[in-house]
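Inspection log for the structure reproduced underneath, given as structure tokens.
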Amino acid sequence: MSQQAPLSSVNDFVVRFANVNGSGSASANELFARAVLRHGVPVSPRNIFPSNIQGLPTWYEVRVTEAGHLGARGGGTDLMVAMNPQTWDKDVAGIVAGGYLFYDSTKPMPSTKFRDDITVIGVPLTAITNSTYNDPRQRQLFKNIIYLGALSALLDMDPKLIEQLIGEQYKGKEKLLSSNVHALHLGRDWALQNLKCPIGLRIKKADKVGDRVFIEGNNAAALGAVYGGATVCAWYPITPSSSLAEAFSNHCKKLRHDPETGQAKYAIVQAEDELASIGMVVGASWNGARAFTTTSGPGVSLMTEFIGLSYFAEIPAVIMNVQRAGPSTGMPTRTQQCDLIACGYASHGDTKHVMLFPEDPAEAFEFAAAAFDLAERLQTTIFLMLDLDIGMNQRLCRPLKWDDAKQYDRGKVMTAEMLDEGREFGRYLDVDGDGIPFRTYPGTHPTEGSYFTRGTSRDRYARYSEEGAVYADNVQRLLRKFQTAQDMVPRPLQANASKPTKYGVIYFGSTAPAMDEAIGLLESRGCQLDRLRIRAFPFHSSVASFIAEHDFVYVVEQNRDAQLRQLIVNENGIDPVRLVPVLHYDGTPITARFIADAIGDHQDQIKVTPLRKAVS
Amino acid sequence: MTYIAKPKFQHPGIKKNALGYSHRDYEGKISTLCAGCGHDSITASIIEACFELSIEPHRVAKISGIGCSSKTPDYFLGNSHGFNTVHGRMPSVLTGANLANRELIYLGVSGDGDSASIGFGQFAHAIRRGVNMAYIVENNGVYGLTKGQFSATADRGSKSKKGVTNTDNPIDLVGIALQLGATYVARSFSGDKKQLVPIIAGAIQHKGAAFIDVISPCIAFNNHAGSTKSFDYVREHNDAVNRLDVLTGRDPIEIDQDPGTVQIVEQHDGSRLALRKIDADYDPHDRLGAMTFLQKHSAQGQIVTGLLYVDAEADDLHSHLNTVERPLNRLEAADLCPGQSVLDKINASLR
Ligand SMILES: Cc1ncc(C[n+]2csc(CCOP(=O)(O)OP(=O)(O)O)c2C)c(N)n1
Ligand code: SF4
């Protein structure tokens with residue numbers, strides 16, 4: 001037997017479910033995560049799935065975390081629910097010493113298939129299921145609920161809370177409700193009668209969830225598009241962004257139909273490709289509707305010609321880019337923050353585009369809505385930069401909030417009345433010195449305000465011209481406009497260390513929860529860091545001052561080439577030596593442990609080596 | 001000079017339409033295409049059609065791709081908004097624009113390179129979606145703006161003036177449009193104003209995807225075969241106009257043809273087109289019949305012109321999507337934003 005004592009922990013451990021794709025386990029596993037939440041204990045789940053549909057492995061990892069750490073923990077599994085024979089060896093190997101293995105013991109397994117430093121818990125799931133259900137599909141589905149029931153006993157969970165959730169899920173569908181509750185108790189009772197319950201890992205009621213909501217970033221961004229007034233969505237399926245467009249469609253079906261006529265106050269087109277989807281966005285926005293597309297890296301590649309047009313012809317467009325590991329098809333179902341350069345400078349020639357970096361679903365909601373105001377105000381492309389980790393995983397976040405007094409900012413649009421008043425209209429005239437000209441919508445006025453939109457060079461009155469001075473005047477104004485954007489986009493948020501320090505860290509987007517946790521780990525190691533979370537490109541002036549105020553600054557990001565660092569160096573003319581990259585890019589979400597190790601080791605080194613050497 | 005404005009003077013006795021507009025109100029800037037280019041004749045027919053329909057010029061959105069043909073929206077309806085998009089992608093931009101405001105008239109202008117090559121997919125999908133538009137391809141069988149390469153509509157076996165023989169099969173956009181469910185399909189010839197004007201007028205009035213393929217000879221390509229290598233690439237690429245100004249202009253080819261006849265039209269390069277104008281008793285309500293008719297005459301080397309198919313009951317993308325009558329671009333926060341109370345419920349469902 002094992003020398004290792006079985007793990008013992010309340011409200012702080014990692015459960016991983018290994019399943020076969022298509023087995024209907026996803027909803028049971030999510031039910032588990034939500035049941036933990038109902039105990040008042042925060043969770044942070046991760047979907048881990050390969051880029052194919054049926055039959056291959058999927059994992060669902062639930063980090064139970066009373067402390068509320070919402071990043072991935074990393075460092076192995078405490079309780080492995082091994083339901084996939086295909087990945088058995090790997091799954092068993094991934095259990096921490098002292099951890100638990102939960103499996104279907106219907107068929108005997110050779111002892112070589114187990115480890116002796118873990119606790120093995122066998123439940124004859126198939127036998128229980130087969131003796132209760134005849135229908136093969138029912139057998140498959142209820143097996144998942146049966147293991148959930150057994151787990152609830154092993155982890156000392158309150159079955160009432162799970163029943164309540166099932167009740168909400170199957171409201172009005174009595175048969176489904178009672179059969180699910182029955183399956184839950186089948187598993188639960190078997191475990192209580194045959195196993196030592198509870199094990200060392202336990203869920204205990206706490207009060208740490210508060211009024212927070214549990215939602216996927218893609219879903220939140222889709223709601224943001226609804227609230228932000230988007231009426232046209234043109235998209236082409238690509239993982240991990242498809243669920244964003246699909247969520248938008250679902251929300252619109254519920255929220256955007258005229259109650260009297262049943263007609264839709266939106267139009268969604270699944271385009272033939274990304275060229276067409278962004279083309280439709282540009283056409284709709286040119287004509288004064290709020291329009292967006294959803295995509296991921298390869299789609300952005302295809303869209304770049306139109307992004308150049310949007311930039312140069314000054315047409316609003318919103319692109320929600322849910323990043324995945326690249327380049328090319330890369331790892332379609334793995335996460336990265338790797339499109340910063342591709343989006344920030346997309347298309348040929350001199351271009352710069354606004355990017356927004358939400359840290360969680362709540363910000364994804366807010367920034368998605370804000371993207372439409374920004375696109376119309378700035379008359380340019382706005383990228384909402386999500387990634388798979390935030391887009392396709394549910395996260396706890398503050399409740400979504402909307403100010404009912406808010407009016408949409410439609411930007412500088414010259415109306416028929418303004419033209420009748422004799423206002424001068426030059427499509428590319430910088431009337432206010434902010435680089436932003438007025439536009440008119442097509443069809444505005446019989447004789448005034450019409451102009452020809454084109455991607456070729458033109459003068460301030462939209463007349464085709466290849467004069468060097470005219471061209472330069474135009475592109476300089478575009479630069480001015482980009483500077484204007486600096487003060488319109490969400491500002492960076494700064495938080496200072498508990499003690500004064502010479503060091504800082506910059507991070508952004510979905511890295512935030514891991515970073516928040518890493519700060520605690522680093523402090524316990526004696527490392528103090530001031531931190532700055534960047535929320536948009538162009539960078540606000542406070543980014544440069546933050547860097548100037550510190551001896552040097554770590555830049556944490558999830559890509560190989562330190563793309564955020566490149567942008568900071570490039571846009572702010574900063575000495576690269578002052579920015580130390582901390583890079584994580586294997587496709588798994590960055591963890592606090594990784595960040596704390598990388599920064600902690602570097603800090604230890606500085607203590608013995610002069611700074612110049614350490615960072616050069 | 002890269003831009004030529006037209007003088008505003010109008011003769012007081014000029015003919016006016018029901019809205020009190022004259023032809024001049026439907027004109028645009030002075031064309032910078034080669035004198036005699038078939039595209040200019042199409043421009044004239046568009047102007048005529050809009051004049052006759054008494055359309056308010058500013059209620060038209062004219063959208064094009066890139067090419068000599070795609071420049072033409074600058075030369076008609078000067079008081080309407082135009083959009084010269086990117087090569088081959090006019091259909092998607094037009095689709096988006098149409099979704100945003102269903103009340104305007106959408107005129108899509110494209111070339112055969114633009115629509116049959118780089119933009120073949122977008123052409124097909126806009127048609128199959130039933131976007132309410134008049135989609136006009138100014139078809140010269142070559143890339144005019146990039147100096148005479150074959151386009152995908154060039155006939156197999158046809159020779160360029162460089163002596164190159166085209167070995168690929170041609171794409172017949174009319175046949176494809178019929179197959180994809182366009183609800184108004186016609187082919188015409190740029191020089192046959194009598195036929196083209198009503199065809200354009202009909203397309204504008206049609207609710208649904210109207211497609212017109214207009215054969216439109218390119219005189220520059222014919223005139224300049226073989227000498228093109230000597231031109232500075234960038235200059236030619238960016239501005240065909242300057243280059244083409246040095247060409248000897250040709251009279252635009254004009255014909256006057258009776259229904260039911262075949263007319264041989266000689267082009268500037270000596271090549272001959274056999275145009276068959278459909279009979280007065282041709283039934284344009286039979287999609288299958290139209291396809292067969294087209295194929296049969298194509299096998300005889302004849303290009304059929306006229307209104308080939310129309311579905312008077314057609315509907316469009318907006319009816320498919322069941323969108324509200326009010327243009328989407330006029331909906332306000334009050335129409336679109338469900339407010340905090342709905343969000344409260346959503347929040348509650350997420351706990
Ligand atoms: C992406 C892209 N590829 C190539 C071009 C170059 N280009 C400009 S016009 C054109 C062909 C135009 O041919 P067509 O549509 O038949 O019009 P025409 O000039 O004959 O009227 C090409 C290839 C471009 N503008 N963009
Ligand atoms: S090159 Fe051909 S298509 Fe272009 S303007 Fe001249 S004649 Fe017309």
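Convention: sequence-line order gives letters A, B, ...; per-chain numbering from 1.
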Cut-off 4.5 Å, heavy atoms of chain B, and the answer for A/Ala291 is neither

Whatever's closer than 4.5 Å to a heavy atom in chain B on A/Ser285 counts as neither

Okay, A/Ala234 and chain B: the region with an atom under 4.5 Å from a heavy atom over there is neither

In terms of heavy-atom contacts, B/Leu99 and A/Ala267 come closest through CD2-CB, 3.9 Å

Under 30°, 30 to 60°, or over 60°: which ring-plane class applies to A/Trp286 and B/Phe83, parallel, tilted or perpendicular? tilted

Ranking B/Leu317, B/Leu331, B/Asp344 by heavy-atom pairs under 4.5 Å to chain A gives rank one to B/Leu331

Given B/Gly121, B/Ser80, B/Ala61, the one with more heavy-atom pairs under 4.5 angstrom with chain A than any other is B/Ser80

Between B/Pro338 and A/Leu255 the two heavy atoms that sit nearest each other are CG-CD1, 3.9 Å

The interface call for B/Gln122 against chain A, heavy-atom contacts under 4.5 Å, is both

Nearest heavy-atom contact between B/Asp335 and A/Lys265 is O-NZ, 3.1 Å

Turns out that what part of B/Pro327 lies under 4.5 Å from chain A's heavy atoms comes down to neither

In terms of heavy-atom pairs under 4.5 Å with chain A, the winner among B/Lys62, B/Arg89, B/Arg59 is B/Arg89

Looking only at A/Glu272, A/Glu305, A/His445, most heavy-atom pairs under 4.5 Å shared with chain B are made by A/Glu272

Under a 4.5 Å heavy-atom criterion, the part of residues 306-318 of chain A in contact with chain B comprises A/Phe306, A/Leu309, A/Ile315

So, the part of A/Val269 with a heavy atom under 4.5 Å from chain B: the answer is side chain

The interface call for B/Pro57 against chain A, heavy-atom contacts under 4.5 Å, is neither

Of A/Ile215, A/Val282, A/Leu165, the largest count of non-hydrogen pairs under 4.5 angstrom with chain B goes to A/Ile215

OG1 of A/Thr261 to CG of B/Asn322, rounded to nearest 0.5 Å, is 7.0 Å

Bottom line for B/Thr323: the part with an atom under 4.5 Å from chain A's heavy atoms is both

Practice item. With side chain to side chain contact (heavy atoms under 4.5 Å, CB included) as the test, would you mind laying out the steps for A/Tyr408 and B/Leu336 before giving the verdict? Key: CA-CA 11 Å; A/Tyr408 297 146; B/Leu336 300 173; 4.2 Å; yes

Taken in chain and number order and not counting sequence neighbours, the residues that satisfy side chain to side chain donor-acceptor pair (under 3.5 Å) with A/Arg395 are A/Asp389

Taken to the nearest 0.5 Å, the spacing of B/Lys71 NZ from A/Tyr464 OH works out to 6.0 Å

Heavy-atom nearest pair, B/Asn347 first then A/Pro399, reads ND2-CB, 3.6 Å

Whatever's closer than 4.5 Å to a heavy atom in chain B on A/Arg290 counts as neither

The interface call for A/Phe365 against chain B, heavy-atom contacts under 4.5 Å, is side chain

Counting heavy-atom pairs under 4.5 Å with chain B, the top scorer among A/Arg34, A/Lys401, A/Gln407 is A/Lys401

Do we see a donor-acceptor contact under 3.5 Å between the side chains of A/Thr440 and B/His81? yes

Heavy-atom distance under 4.5 Å between the side chains of B/Arg351 and A/Asp211, does that happen here? yes

Bottom line for B/Arg129: the part with an atom under 4.5 Å from chain A's heavy atoms is side chain

When rounded to the nearest 0.5 Å, the distance separating CG of B/Leu350 from CZ of A/Arg212 is 14.0 Å

Residues A/Ala276 and B/Ser92: closest non-hydrogen pair is O-CB, 3.5 Å

The interface call for A/Asp459 against chain B, heavy-atom contacts under 4.5 Å, is neither

query = So do the side chains of B/Leu104 and A/Asn287 get within less than 4.5 Å of each other, counting heavy atoms only?
reply = yes

Given the options A/Asp403, A/Asp404, A/Leu400, B/Gln340 meets side-chain contact (heavy atoms from CB on, under 4.5 Å) only with A/Asp404

If one checks every heavy atom of B/Ile105 against chain A at 4.5 Å, the contacting part turns out to be neither

With sequence neighbours left out, the residues meeting side-chain contact (heavy atoms from CB on, under 4.5 Å) with B/Asn84 are A/Phe452, A/Arg454, B/Ser64, B/Ile66, B/Ser70

If one checks every heavy atom of A/Arg458 against chain B at 4.5 Å, the contacting part turns out to be neither

d(A/Asp258 CG, B/Glu325 CD) to nearest 0.5 Å is 10.5 Å

So, the part of B/Glu103 with a heavy atom under 4.5 Å from chain A: the answer is neither

Can you list, pair by pair, the side-chain donor-acceptor contacts under 3.5 Å of residues 222-231 of chain A, counting residues two or more places apart and other chains?
unit_1: A/Tyr227; atom_1: OH; unit_2: B/Gly339; atom_2: O; d: 2.8
unit_1: A/Tyr227; atom_1: OH; unit_2: B/Leu343; atom_2: N; d: 3.2

